[in-house]
Amino acid sequence: MIEELNRIATAMVAPGKGILAADESAGTIKKRFDAIGVASTEETRRDYRELLFRSKEAMARHISGVILYDETIRQNAKDGTPLVKLIEAAGSIPGIKVDMGAKPLAGSPKETVTEGLDGLRERLADYHRLGARFAKWRAVIDIGPRMPSYNCLNANAHALARYAALCQEAGIVPIVEPEVLMDGDHTIDACYEVTEWTLKEVFQQLYYANVALEGTILKPNMVIAGKKCPTQAGVQEVAEKTVRCLKACVPSAVPGIAFLSGGQSDEEATAHLDAMNKIGGLPWGLTFSYGRALQAAPQKAWSGKTENVPAAQAAFAHRARMNGLAARGEWSPALEKAA
Ligand code: 13P
């Protein structure tokens, strides 16, 4: 069982490949579609995601896995082919978001705890039957006055560990995602401290829950200043501090780390990943699991029109290729301009 989980996890972070996070909940995808003037219906969501999964070259070369939402894993393409089959045909691995969202945390009302453990064993068995071989659970950690609290870190780390153990029991690789938000005006060093504390708590709880690290993927934030912080760190500082923090917290038994983009611009997210891989000498694969930083450009190019599908696929292929290069430390800003 651990061998199989390790095989999947290793494939998820194969050299030059990363993960497409296309698991926006109904509310989030509506927000994204509102921004491009498209009504969010079952059909438009299907059309949009189908165009991504049918981007043959991008999928086959650079996308190791796709995180789906419950609706999408059960949906068929326009011609009746299950969307899961399109992903598999491209040589990519289907995955599934299984958490039920971040809810107010009792006792610490400004913070949240991610829910979704009740009935999770049964849901995982169903998702495995539908083709999912990995899952995702996102915990949200906010930095602010007297935040995060230990209550928040402990509750979220504990839930992540129980989720991860249930996944492995079901033959599914857990993506463990504790996201320290980049909202707010905190410094990069405040982000470092909170990220370090968060990761220490998470790996402690994974140990207590008997989770096999060999069959686990970590999806962390980068160590980066808050969006409203007047002092923004350069690319090299973000890369160095992120690598230092991860080396201090993430055991080398973990096959791979796949970052979230968290509100960084497309090119920032690529530049940071590239700079980290250029540092090199890392004990784990280091790649992307981007939502916005892979999809903002194709969404804009598509804007809900069938005639824009080729342009949207080209925009997606470009970002996938740039991030694929960054995952090898072979990207440069000149490549963006060349395209
Ligand atoms: P972003 O890359 O847009 O942060 O999304 C990744 C993700 O899956 C967050 O849970």
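When a ligand or atom number is given, it counts from 1 through the structure's own listing order.
- Within a 6.0 Å sphere centred on CZ of Arg121, heavy atoms belonging to other residues, nucleotides or ligands number 12 at most.
- With no hydrogens or angles considered, no side-chain donor-acceptor pair links Thr81 and Asn76 at under 3.5 Å.
- Shown here is Glu115, whose CD atom has more than 12 heavy atoms of other residues, nucleotides or ligands within 6.0 Å.
- For ligand 1, the polar-atom distance check against Gly291 finds a nitrogen or oxygen pair separated by under 3.5 Å.
- In the model, Thr270 has a side-chain atom that pairs as donor or acceptor with a side-chain atom of Asn323 under 3.5 Å.
- Proximity to Gly262 (heavy-atom distance under 4.0 Å) selects the following atoms of ligand 1: 1 (P), 2 (O), 4 (O).
- When the heavy atoms of Gln264, Glu177, Met182 are ranked by distance to atom 9 (C) of ligand 1, first place goes to Glu177.
- For ligand 1 and Ser289, the ligand atoms under 4.0 Å from any heavy atom of the residue are 6 (C).
- Within the listing of ligand 1, atoms 6 (C), 7 (C), 8 (O) sit less than 4.0 angstrom from a heavy atom of Lys219.
- In the vicinity of Arg138, heavy-atom distances shorter than 4.0 Å reach the ligand 1 atoms 9 (C), 10 (O).
- Here the protein heavy atom with the shortest distance to atom 10 (O) of ligand 1 is Lys136 NZ, 2.5 Å.
- Taking a cut-off of under 4.0 Å to the non-hydrogen atoms of Ser261, the atoms of ligand 1 that pass are 1 (P), 2 (O), 3 (O), 4 (O).
- There is a side-chain donor-acceptor pair under 3.5 Å between Ser108 and Asn151.
- The distance between the ring centers of Tyr192 and Trp197 does not fall below 6.0 angstrom.
- Under a 4.0 Å criterion applied to the non-hydrogen atoms of Tyr290, ligand 1 contributes the atoms 2 (O).
- Applying the side chain to side chain donor-acceptor pair (under 3.5 Å) test between Arg45 and each of Glu71, Glu50, Gln75, Glu24 identifies Glu71 as the sole match.
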